[in-house]
**Q** 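First, the structure itself, so that you have it in front of you.
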Amino acid sequence: MTQPLDINAVSAHYGTTKVLEDLSLSVQAGELVSLLGASGCGKTTTLRLIAGFLTPSSGSIRLGGRDLTQLPPHRRDIGLVFQNYALFPHLSVLDNVSFGLKQRGVPPAERRKRAMGMLERVGLAPLADRAPGALSGGQKQRVALARALVIEPPLLMFDEPLSNLDAKLRVDMRVEIRELQRANGTTSVYVTHDQEEAFSISDRVAIMNAGRLMQFDRPETLYRQPANTFVARFVGFENIVPFKVVARDAEVVTAETSGMRIRLSQTAYGPIPDTFLLASRPDGLQVTTDLSAKGLPATLGLRTYLGRAYQYQCETAAGHLVANGSLTAPLESGTQVRLVPAPEQSCILATEGGR
Amino acid sequence: MTDRPHPILIIVAALVYVFLMVPLVIVVGAALSDTTYLTFPPQGLSLRWFTNIFEISAFRRTIVTSLQIAFLGTFLALVIGIPAAYALNRYRVELPRWLGTLFVLPILVPEIVFGFALLKSLTVGAGVPIFVALLIGHTLLVLPYVVRVISASLASFDFSIEEAAISLGSAPLKTFFTIVLPNVRAGMIAAFILAFITSLNDVSVSLFLTGPGISTLPIQILAHVEQFFDPTVASVSVLLMFLTVAVMAVVERTLGLTFLAK
Ligand SMILES: Nc1ncnc2c1ncn2[C@@H]1O[C@H](COP(=O)(O)OP(=O)(O)OP(=O)(O)O)[C@@H](O)[C@H]1O
Ligand SMILES: [Mg+2]
């Protein structure tokens, strides 16, 4: 039942505006992949292409052995869950869930049995005869989930399914979705603009920007080793500074930026090219008042309280940086410090063209 | 402060009701009069002017014609208007704005002008038979109302519901009937009633399109009052009112029930 999805070099236009460019993405059988990106980056467009509501201007989409590209949407056999639930208002909860089975010619008794079984799994069997209008947001989304799952589709797609729910329910529901998806082993594509949501429920995450795929990897890899500055900023590496290597001594590299020098160990950071970008999270720049430390000289600016740390706006010769300092010793604005990169919260990026 | 309405408000509301009801009372009263001339209050009570309607063959024929035209015209307007309203709403982003305006234009043209234009082009120009010309005229007359009313109820329809049905394996055309239509039922009933009444009561367009042997009830009423001053017109008016109410009730029932049963 479970099948891989292959999106191959797909482009899409609305009129003359290009909204997706040369997008390729392979989702393995049984895998849950999230599309993550800012509003307007083309996530919904990608789903609509796969579902068949939109035709790509080039490229192809395959599900299992089938080429979907020329198949009309009602023959694609894809379960869809929408942000606004999209339940049929004139049908009862049970009829909503059995709708897809009816289209497949399943006899009424069997239909009822399977729909009730699915409602049971999402904990809504007692509400089978209700009208969708008389359900809460969370219940509606469970009905929508049951309606999509009951047809046992080879591919399940979600378009921001939780964004109309409150924060607590959002977390509960995403666990529920993940468990159902795992249990059925259904290949899934999940759209969200919530990074935590994407990272927590996905096998792999595709980060998109302006209609292009920026990086497609496991959450752990994205979080620790972003492939480019866009993804790095997206996952919280707020400080990105260009460096040039000036000396190599065994595995220790001395690098320079705007007249400031630091030393980095290739055992900690991996191989370091001659020119590179050092990306650090605010937690990855240790603030020290020991001016002999091997770090970037900086002058502290505004201090804000984060609860787990103090955050400092810092001025350096290489520009504005953000660093977190310990709660035990708050420092005053104007203090001269050194910012020492910590490898666990920093990474090396290749220099990008035009920089 | 209490939540009782202000006395002046009550008086104004009462006056409006009186203003609306008095003509009806007068017409019904005059229709029941036993005299040979129109009068109010009625002198003596009788149903003879109601039976008289059916003794005049022109009335019998025009009632049938009017009902045929109103039913068929409304039906055709719905057949054209519902898909049009659907397309206008479904593809609101893709379609040019003026396309929607196109369906409102007939309302802006004075009906007399509209009727005359149809006479010139259909009857005189193309030699279309009178009944067909009447039917076309009435269909066009009520089409804007149908499109507007159905559009209004589609405006609140969430088209992702339609996509959900399609993704579950329902073909697009089937989805239109099983998912879209049931959700604009109220709009369809309203559009039917509005279109039917407009057609049934129309004078301006029919005036030009009726011809030898074929006429509609309002035109026949006009012709009748030119020659006679008996209460027949009053009783025909009452009959027309009852017909309208009956059709409204039947439409409400049947459209309402068949869709609920699905
Ligand atoms: N029907 C349309 N006509 C023209 N442009 C459109 C249409 N629908 C979407 N777009 C444009 O295509 C781009 C991608 O839209 P899309 O809906 O895929 O974004 P998204 O990533 O889903 O955003 P969001 O997180 O806000 O849902 C946007 O710039 C949007 O303005
Ligand atoms: Mg979207």
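Note that the structure is a prediction, hence the values are computed from the model and not measured. Letters go in sequence order (proteins before strands), and every chain restarts at 1.
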**Q** Within a radius of less than 6.0 Å around CG of B/L108, do more than 12 heavy atoms belonging to other residues, nucleotides or ligands occur?
**A** yes
**Q** Tell me, do A/L87 and B/I161 make a side-chain contact under 4.5 Å, heavy atoms counted?
**A** no
**Q** Could you check if a side-chain atom of A/Q103 sits within less than 4.5 angstrom of a side-chain atom of B/S170, using non-hydrogen atoms only?
**A** yes
**Q** Measure the shortest side-chain to side-chain distance between B/I166 and A/F53 over non-hydrogen atoms and say whether it is less than 4.5 angstrom.
**A** yes
**Q** Minimum heavy-atom separation for A/H74 and B/P172, please, with both atom names.
**A** ND1-CD, 3.4 Å
**Q** Let me confirm one number: the CG-CG distance from B/D158 to A/N84, rounded to the nearest 0.5 Å.
**A** 4.5 Å
**Q** Report, as yes or no, whether the 6.0 Å neighbourhood of atom CZ on B/F176 holds more than 12 heavy atoms from other residues, nucleotides or ligands.
**A** yes
**Q** Heavy-atom distance under 4.5 Å between the side chains of A/L80 and B/E163, does that happen here?
**A** no
**Q** State the CG-CD1 distance between B/L168 and A/I78, to the nearest 0.5 angstrom.
**A**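 One finds 11.5 Å between CG of B/L168 and CD1 of A/I78.
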**Q** For the CZ atom on A/R75, are there more than 12 heavy atoms of other groups (residues, nucleotides or ligands in this structure) within a distance under 6.0 Å?
**A** no
**Q** Closer than 3.5 angstrom, by distance alone: can the side chain of A/R147 be matched with the main-chain N or O of B/A164 as a donor-acceptor pair?
**A**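 Flag not set: sc A/R147 to bb B/A164 has no pair under 3.5 Å.
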**Q** Go through the atoms of A/R76 and report whether side chain, backbone, both or neither lie under 4.5 Å from a heavy atom of chain B.
**A** neither
**Q** Tell me, yes or no, whether the heavy-atom count around A/Y14 atom OH, taken from other residues, nucleotides or ligands under 6.0 Å, exceeds 12.
**A** yes
**Q** Is it true that, when you exclude A/R114 itself, more than 12 heavy atoms of the residues, nucleotides or ligands shown sit nearer than 6.0 Å to its CZ?
**A**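 Check passes, neighbour count above 12.
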**Q** Answer yes or no: is there a side-chain heavy-atom contact under 4.5 Å between A/H90 and B/I179?
**A**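 Yes, at least one pair of side-chain atoms sits under 4.5 Å.
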**Q** Just verifying a value: how many Å separate A/R48 CZ and B/S167 OG, rounded to the nearest 0.5 Å?
**A** 11.5 Å
